[in-house]
Amino acid sequence: DAGITQSPRHKVTETGTPVTLRCHQTENHRYMYWYRQDPGHGLRLIHYSYGVKDTDKGEVSDGYSVSRSKTEDFLLTLESATSSQTSVYFCAIGGSDQNIQYFGAGTRLSVL
Amino acid sequence: ILNVEQSPQSLHVQEGDSTNFTCSFPSSNFYALHWYRWETAKSPEALFVMTLNGDEKKKGRISATLNTKEGYSYLYIKGSQPEDSATYLCASRGDTGNQFYFGTGTSLTVIP
């Protein structure tokens, strides 16, 4: 998976609890992305980062926050998880704004 | 938000058949288009990066073309094999912002 590790791979949590997903890369790529994948919607961008401490919102950012304090780590936080955030979350990295993205293995999150 | 559409949604072909599918995207302010192959239980893997009108890319039996003026890209698979079974995603980016918008994919099943 091109030096990308997502953790945890699976998580079950309860509505209202905070959840943090981690994406770690060993490729020193500048860009990092968080997507969610839901049936009928394909991959939708939540947030992305174009450098340390530089982040921006994606298409479906409500209810999510991110942080990138170092090049290799990009954290996605659900401040107060809701059932609508049950999904598969993918992290991706890219070397430039045009380059292909390399995806992690995904995190399956269930919010009960 | 860019509206990226893929057709057909799913496709079943016999081994040895050639096939193609379409990705449509807004032609105005086009920046780049990516094709990805996504096998079940795996992560999306990049096939092609396309940026110029008239681009043609090829990797083995798979090829792609790009028409930025009319806003479409075709992916062709020659002599389909069972191992080609996967979902094929396209993603388009405009020249403002840094995010790619994904289509919902074409699911290809090659019947032996």
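First the proteins, then the strands, lettered A, B, ... as listed; each starts at 1.
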Whatever's closer than 4.5 Å to a heavy atom in chain B on A:Q37 counts as side chain
Correct closest heavy-atom pair for B:P44 and A:F90 would be CD-CE2, 4.4 Å
Between B:Q99 and A:E59 the two heavy atoms that sit nearest each other are OE1-N, 3.6 Å
Applying side chain to side chain contact (heavy atoms under 4.5 Å, CB included), run through A:Q101 and B:Y36 and close with a yes or a no. CA-CA 9 Å; A:Q101 296 176 29; B:Y36 294 84; 3.4 Å; yes
More than 12 heavy atoms of other residues, nucleotides or ligands under 6.0 Å from CD of B:E15: is that the case?
yes
Practice problem: Determine, using the 4.5 Å side-chain heavy-atom cutoff (strictly less than), whether B:Y72 and B:L33 are members of one ILVMFWY cluster. | Solution: no
Note to self: Within the supplied structure, the quantity of interest is the number of heavy atoms (other residues, nucleotides, ligands) at a distance under 6.0 Å from A:R108 CZ; does it exceed 12?
What the structure shows: no
- Message: Applying a strict under-4.5 Å side-chain criterion to I, L, V, M, F, W and Y, I'd like to know whether B:V13 and B:I62 cluster together.
- Response: yes
So, the part of B:W38 with a heavy atom under 4.5 Å from chain A: the answer is side chain
For the hydrophobic clusters of this structure (ILVMFWY residues joined by side-chain heavy atoms under 4.5 Å, transitively), does one cluster hold both A:V60 and A:Y89?
-> yes
Nearest heavy-atom approach of A:A105 to B:S43 is CA-OG, 3.3 Å
(Q) Just checking B:Q9: does its CD atom have more than 12 heavy atoms from other residues, nucleotides or ligands closer to it than 6.0 angstrom? (A) no
Whatever's closer than 4.5 Å to a heavy atom in chain A on B:L47 counts as neither
Decide if atom NZ of B:K57 counts as having more than 12 heavy atoms of other residues, nucleotides or ligands within a radius under 6.0 Å. yes
| task | Flag the pair A:Y33 / B:F100 as yes when their ring centroid distance falls below 6.0 Å, and as no otherwise. | result | no
Counting only N and O atoms by type, is there a donor-acceptor contact under 3.5 Å from the side chain of B:Y101 to the main-chain atoms of A:L45?
-> no
**Q.** B:T104 side-chain N/O to A:G40 backbone N/O, donor-acceptor pair under 3.5 Å
**A.** no
